[in-house]
Engineer: 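Let me begin by handing over the structure; questions about it come next.
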2 protein chains.
Amino acid sequence: MGISKIDKMQNLSKNQQIIFDLIDKSSEPLKAYTILFNVQKKGIKAPLQVYRALDKLVEIGKIHKIESRNAFIACHNSSCQVAKATAFSICEICEKVTEISSAGLSKYLANFKDKDGMKYSKYNLEFFGLCKKCR
Amino acid sequence: MGISKIDKMQNLSKNQQIIFDLIDKSSEPLKAYTILFNVQKKGIKAPLQVYRALDKLVEIGKIHKIESRNAFIACHNSSCQVAKATAFSICEICEKVTEISSAGLSKYLANFKDKDGMKYSKYNLEFFGLCKKCR
DNA sequence: TAACACTATGTAATAATATAACATTTATAA
DNA sequence: TTATAAATGTTATATTATTACATAGTGTTA
């Protein structure tokens, strides 16, 4: 009668919950020190407390890191299996980031084989361009 | 009788050439401060000198930044149009990075449209897994 | 319950990555 | 040649991330 991994994913610790809530309600990706500044009133004082929570949230797939921006957004895509398959579009003017949810794309990438016939279990894809507003 | 952009790409400045040579002959991606350490004997003393050369080399497509690793490798792929379309495989154990050269993949991604029918002019894709040696 | 393993937290210090600001020099084009 | 753009040199500082060590909570199981 163990607790499954799925169940565990829903029981965030105190710091994890505070930081997830902040990221989840944000309309844009947040940087670690922006997060730190915003949660200091809740008792989280040190960078490490933020980075530890971020690491865990990324690990369980609740948030993703936008590598080219060193920033974090909440996952809104049920099909990215625990952070293993992520794709984003990034506007180079306003910096708006949107998670891409495309069955075709994820299928294509999950099945992609390199020259040696090797498949990869995990990927991150970042598209760049101009969003509707900024065109 | 102007000099074309292609020609310009081959005339690197002194610092750019020193830093490109180092990256080009490296068997692994190099980090900015590793580069700095290695070119100090050649008179490049400050981080900014390195970052400026790196920025330029990325811009003209001679090198690429591996975003998830904050490291740089030389481009060995004639088909990545001036750094606008890059794909890499990264071994999560030995950290070996290989640039992927796949006409199918680049065609698929160059033509990918999101839900709004929008195409993107630029992308970076990083695959993660275990390389042959580390399996 | 007691002992254990595991996860999370708190705190200080510091490492690693990257940019701002300003002065000067070199290369290129008109 | 003169204007312009590109590159360099230098100092200081901003931003991002980790090491090391001590403590506390949570769940498991003997």
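Only a predicted model underlies this, so the values are computations on that prediction, with no experimental measurement involved. Throughout, protein chains are lettered first and strands after them, A, B, ... in sequence-line order, and every chain is numbered starting at 1.
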Engineer: Between B:Phe37 (CZ) and C:dA16 (P), how many Å, whole number?
Structural biologist: 13 Å

Engineer: Please report, rounded to the nearest Å, how far the C1' atom of D:dT8 is from the CD1 atom of B:Ile18.
Structural biologist: 11 Å

Engineer: In whole angstrom, what separates B:Lys42's NZ from D:dG9's P?
Structural biologist: 14 Å

Engineer: Just to confirm, is there a sub-4.0 Å distance from OP1 or OP2 of C:dT9 to any side-chain nitrogen or oxygen of A:Ser13?
Structural biologist: yes

Engineer: Contact between B:Leu57 and B:Phe72 at the side-chain level, heavy atoms closer than 4.5 Å - yes or no?
Structural biologist: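 No, every pair of side-chain atoms sits at 4.5 Å or beyond.
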
Engineer: Report for the helix from C:dT1-D:dA30 to C:dA30-D:dT1: angle between first-end and last-end helix axes, five pairs each, rounded to 10 degrees.
Structural biologist: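 Nearest ten degrees gives 40° for this helix.
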
Engineer: Using the closest heavy atom to pick a nucleotide of DNA chain C for each, name whichever of A:Lys56 or A:Ala46 lands nearer the 5' end.
Structural biologist: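 Looking at DNA chain C, the more 5' nearest nucleotide goes with A:Lys56.
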
Engineer: Please determine whether a side-chain nitrogen or oxygen atom of B:Lys14 lies at a distance below 4.0 Å from atom OP1 or OP2 of D:dA7.
Structural biologist: no

Engineer: Look at B:Lys45 and D:dG9 and indicate whether a side-chain polar atom (N or O) is within less than 4.0 Å of OP1 or OP2.
Structural biologist: no

Engineer: Test: salt bridge (Lys or Arg N to Asp or Glu O under 4.0 Å). Region: residues 111-127 of chain B. Which pairs qualify, not counting sequence neighbours?
Structural biologist: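 Checked against salt bridge (Lys or Arg N to Asp or Glu O under 4.0 Å) - neighbours excluded - the pairs reaching residues 111-127 of chain B are A:Glu92-B:Lys122.
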
Engineer: For the pair A:Phe127 and B:Tyr123, name the ring-plane relationship: parallel under 30°, tilted 30 to 60°, perpendicular over 60°.
Structural biologist: perpendicular

Engineer: A:Leu54 has an atom CG; how far is it from atom C1' of C:dT9, in whole Å?
Structural biologist: 15 Å

Engineer: Same hydrophobic cluster for B:Met118 and A:Ile100, using side-chain heavy-atom links shorter than 4.5 Å among ILVMFWY?
Structural biologist: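 The answer is yes; both residues are in one hydrophobic cluster.
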
Engineer: Identify the heavy atoms of B:Cys94 and B:Cys134 that sit nearest to each other, and give their distance.
Structural biologist: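 Residues B:Cys94 and B:Cys134, closest heavy atoms: CB-SG, 3.6 Å.
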
Engineer: Respond yes when some side-chain nitrogen or oxygen of A:Asn15 is under 4.0 Å from OP1 or OP2 of C:dG10, and no when none is.
Structural biologist: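 Affirmative; the distance criterion is met.
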
Engineer: OP1 or OP2 of D:dA7 less than 4.0 angstrom from a side-chain nitrogen or oxygen of B:Gln16, does that happen here?
Structural biologist: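 So the side chain of B:Gln16 is within the cut-off, an N or O lying under 4.0 Å from OP1 or OP2 of D:dA7.
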
Engineer: Partners of B:Ser89 by side chain to side chain donor-acceptor pair (under 3.5 Å), sequence neighbours excluded?
Structural biologist: A:Tyr120

Engineer: Between atom CG in B:Asn11 and atom C1' in D:dA7, what is the gap in whole Å?
Structural biologist: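 Taking atom C1' of D:dA7 as the reference, CG of B:Asn11 is at 14 Å.
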
Engineer: To the nearest angstrom, how far is B:Ile44 atom CD1 from D:dT10 atom P?
Structural biologist: 12 Å

Engineer: Please report, rounded to the nearest Å, how far the P atom of C:dT9 is from the CD atom of A:Gln17.
Structural biologist: 11 Å

Engineer: Below 3.5 Å between N/O atoms, which protein atoms pair up with nucleotides 18-24 of chain C? Just atom names and distances, please.
Structural biologist:
| residue | atom | partner | partner atom | Å |
| --- | --- | --- | --- | --- |
| C:dA18 | OP1 | B:Lys65 | NZ | 2.8 |
| C:dA18 | OP1 | B:Asn70 | OD1 | 3.4 |
| C:dA18 | OP2 | B:Tyr51 | OH | 3.2 |
| C:dA18 | N7 | B:Tyr33 | OH | 2.9 |
| C:dA18 | N6 | B:Tyr33 | OH | 3.2 |

Engineer: Please confirm whether the shortest side-chain N or O distance from B:Gln49 to OP1 or OP2 of D:dG9 is below 4.0 Å.
Structural biologist: yes

Engineer: Here's a test of your reading of the structure: between A:Gly43 and B:Lys31, which maps to the more 5' nucleotide of DNA chain C?
Structural biologist: A:Gly43

Engineer: Identify all side-chain donor-acceptor contacts of residues 19-28 of chain A below 3.5 Å with residues at least two apart in sequence or on another chain.
Structural biologist:
| residue | atom | partner | partner atom | Å |
| --- | --- | --- | --- | --- |
| A:Asp21 | OD1 | A:Gln17 | NE2 | 3.0 |
| A:Ser26 | OG | A:Glu28 | N | 3.1 |
| A:Ser26 | OG | A:Glu28 | O | 2.5 |

Engineer: Can you tell me how far C1' of C:dT26 sits from CG of B:Leu12, to the nearest Å?
Structural biologist: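 For the pair B:Leu12 CG and C:dT26 C1', the rounded distance is 16 Å.
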
Engineer: Let me check something: any side-chain donor-acceptor pairs from residues 37-56 of chain B under 3.5 Å, sequence neighbours excluded? List them with distances.
Structural biologist:
| residue | atom | partner | partner atom | Å |
| --- | --- | --- | --- | --- |
| B:Asn38 | ND2 | B:Thr34 | O | 2.7 |
| B:Lys41 | NZ | B:Asn38 | O | 3.4 |
| B:Gln49 | OE1 | B:Lys45 | N | 2.9 |
| B:Gln49 | OE1 | B:Ala46 | N | 2.9 |

Engineer: Short question: side chain of B:Lys84, backbone of B:Gly61 - any donor-acceptor pair under 3.5 Å?
Structural biologist: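 Checking the backbone N and O of B:Gly61 against the side chain of B:Lys84, no donor-acceptor pair under 3.5 Å is found.
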
Engineer: About how many Å separate CD1 of B:Ile90 and OG of B:Ser68, when rounded to the nearest 0.5 Å?
Structural biologist: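 Between B:Ser68 OG and B:Ile90 CD1, I get 3.5 Å after rounding to 0.5 Å.
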
